[in-house]
Amino acid sequence: MFKKILIANRGEIALRIIQACKELGIQTVAVYSTADRDSLHVTYADEDVCIGPPPSKQSYLNISSIISAAEITGADAVHPGYGFLAENAHFAEVLAECKIGWIGPRPEVIRLMGDKAKARQTAKAAGVPVLPGSQEPLEDASQAALLAREVGYPVILKAAAGGGGRGMRIVHAEEDLAGQLSTAREEAEKAFGDGSVYLEKYLVEPRHIELQVFGDSHGRVVHLGERECSIQRRHQKLIEESPSPALTPELREEMGNAAVRLCEAVGYENAGTIEFLLDSDGRYYFMEMNTRIQVEHPVTEMVTGMDLVKMQIEVAVGRKLEIPNGLKPRGHAIECRVNAENPDTFAPSPGPLKTFHLPGGPGTRVDTHGYEDYVIPPYYDSLVAKLIVHDRTRDYAIARMRRALDFFVVEGIHTSIPLHKRILRDPDFVAGRLSTRFMERFQQREAREGDKDGGK
Ligand code: ADP
């Protein structure tokens, strides 16, 4: 087993990894930027190293500082968490050259699946359904127009190197295609340093369903069921749940097997997620793979009773996965992402947590790096806490989440808690009528009702 793990991350996920290491008897090293001196991941780690000033490029994305920190402290492996360097194949390669372990898949697999256009080809070759679209990055506007005509509008343009919902453009008609293509290219070039863009059919009202997969170094891959992440704003997830109200056991097995097939085809090791879109006729299509632990992994932990972060560490040292493929989910789990942001405009709301009272009680879990008087820095993403509940059925889980949200008191900054409270009372949410356009419709409904109330 590893003796000492360096956590190349911050926030709640750094703490989550420290918890797993402690339970496995592994020493921990935190790295932090000067903006994160007072962070809990620094407090709880056995050792800590400052790796630079606040901007991520100079700290959490600074490979040479992180490698130096690992060498100085004698860490024998790095856990990257999610975001930052988690899907950076080059970082994984440099670690290998330095004889430092990497808790994640092999670099060549990260690189292959990180190119969304190549990932699509790989999925297709493994017999996993993909949406009609381009096999290679688009060459020019006329080629794009031919292809779009073939698959039919609307189409979506996506950055091959994309992530975090950025660099996507929906095109409804041919006259907009050339303009949108050059905007998408510019955006992709600016955000990812790679202007390659591909095209696929845009589904108008799909569900986002993703499969948790795990591979060991002995060639075995299993899936651990799905998470439904259809509640999104600006293509970013807000609420996730498991199991999905839309899946029958048969469809779960079919999608799970497709996910496993794709992982087997690339020799996948460690935790990963295969994201699918599911249309209203029950047809599913591969969208992308994330080659790391996800923000929303706790809902899978709640319904499977497993600790995915400990499993990541164990398979990284060569342990065999001793679990059956496709475990039956137990009960229902929901996660609400509590972001430091204005719930109406979604503008970031950094600042001091004057009150920070966490809910507890049965089936209630909070993953957070927040504490009273902690000041949320403005430099990083806005996630302050993940509130996760588990209960026997979806209805019970919804009631539990409403209660937990009522008991979660944050003062000093704006958070998404008030928005979550309203979503958890929405008739469509309660009935499980979900799609990636849920939030759009929800906001329209609220605006109409607001107008009515205003007229009274
Ligand atoms: P990112 O990696 O930037 O998060 P994804 O490819 O995972 O991008 O897509 C994010 C979200 O965008 C999806 O969950 C879905 O809501 C929407 N989306 C992506 N592709 C399509 C598509 N072909 N049709 C409809 N919606 C899509």
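Read the numbers this way: they start at 1 and go in the same order the structure lists the ligands and their atoms.
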Of all the non-hydrogen atoms in the protein, which one sits nearest to [atom], and at what distance?
atom	value
atom 27 (C) of ligand 1	Leu277 CD1, 3.7 Å
atom 26 (N) of ligand 1	Tyr202 CE1, 3.4 Å
atom 8 (O) of ligand 1	Lys116 NZ, 3.1 Å
atom 16 (O) of ligand 1	Gln232 OE1, 2.8 Å
atom 7 (O) of ligand 1	Glu288 OE2, 2.6 Å
atom 3 (O) of ligand 1	Gly165 N, 2.5 Å

* Asked: So, does Gln236 sit close enough to ligand 1 that a heavy atom of it is under 4.0 Å from the ligand?
  -> no

* Look at ligand 1 and say whether Met168 reaches it with a heavy atom at a distance under 4.0 Å. => yes

* Structure fact -> Short version for Arg166: what comes under 4.0 Å of ligand 1, heavy atoms counted, is backbone

* Taking non-hydrogen atoms only, is Val204 closer than 4.0 angstrom to ligand 1 via side chain, backbone, both or neither? ->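 For Val204, there is no contact with ligand 1 at all, from either part.
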
* To do: Please step through side chain to side chain contact (heavy atoms under 4.5 Å, CB included) for the pair Arg227 and Gln212, ending with a clear verdict.
  => CA-CA 8 Å; Arg227 295 181 285 261; Gln212 175 69 52; 2.8 Å; yes

* Asked: With a 3.5 Å cut-off and no angle check, do the side chains of Thr393 and Asp395 form a donor-acceptor pair?
  -> no

* **Donor-acceptor pair between Asp36 and Tyr60 side chains, under 3.5 angstrom** => yes

Is it true that [X] and [Y] have a side-chain N and a carboxylate O under 4.0 angstrom from each other?
X	Y	result
Arg120	Glu288	no
Arg169	Glu187	yes
Asp406	Lys421	yes
Asp279	Arg283	yes
Glu296	Lys386	no

* **Identified side chain to side chain donor-acceptor pair (under 3.5 Å) counterpart of Arg365 within the set Glu301, Glu335, His390** =>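 Per the side chain to side chain donor-acceptor pair (under 3.5 Å) rule, the option paired with Arg365 is Glu301, out of Glu301, Glu335, His390.
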
* Structure fact -> Closest to atom 25 (C) of ligand 1 by heavy-atom distance, out of Val155, Thr273, Leu203, is Leu203

* **Heavy-atom nearest option to atom 12 (O) of ligand 1, drawn from Glu200, His208, His235** =>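 The option holding the nearest heavy atom is His235.
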
* Asked: Against heavy atoms of Leu131, which atoms of ligand 1 measure under 4.0 Å?
  ->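 Counting atoms of ligand 1 from 1, those under 4.0 Å from Leu131 are 23 (N).
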
* Give the atoms of ligand 1, by number and element, whose distance to some non-hydrogen atom of Glu275 is under 4.0 Å. =>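 Close to Glu275: 7 (O).
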
* Asked: Is there at least one pair of N or O atoms, one from Lys158 and one from ligand 1, spaced under 3.5 Å apart?
  -> yes

* Asked: Under 3.5 Å between some N or O of ligand 1 and some N or O of Met287?
  ->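 No; every N/O pair is 3.5 Å or more apart.
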
* Judged by atom type as modelled, is there a donor-acceptor pair below 3.5 Å linking the side chain of Lys201 to the main-chain atoms of Gly152? -> yes

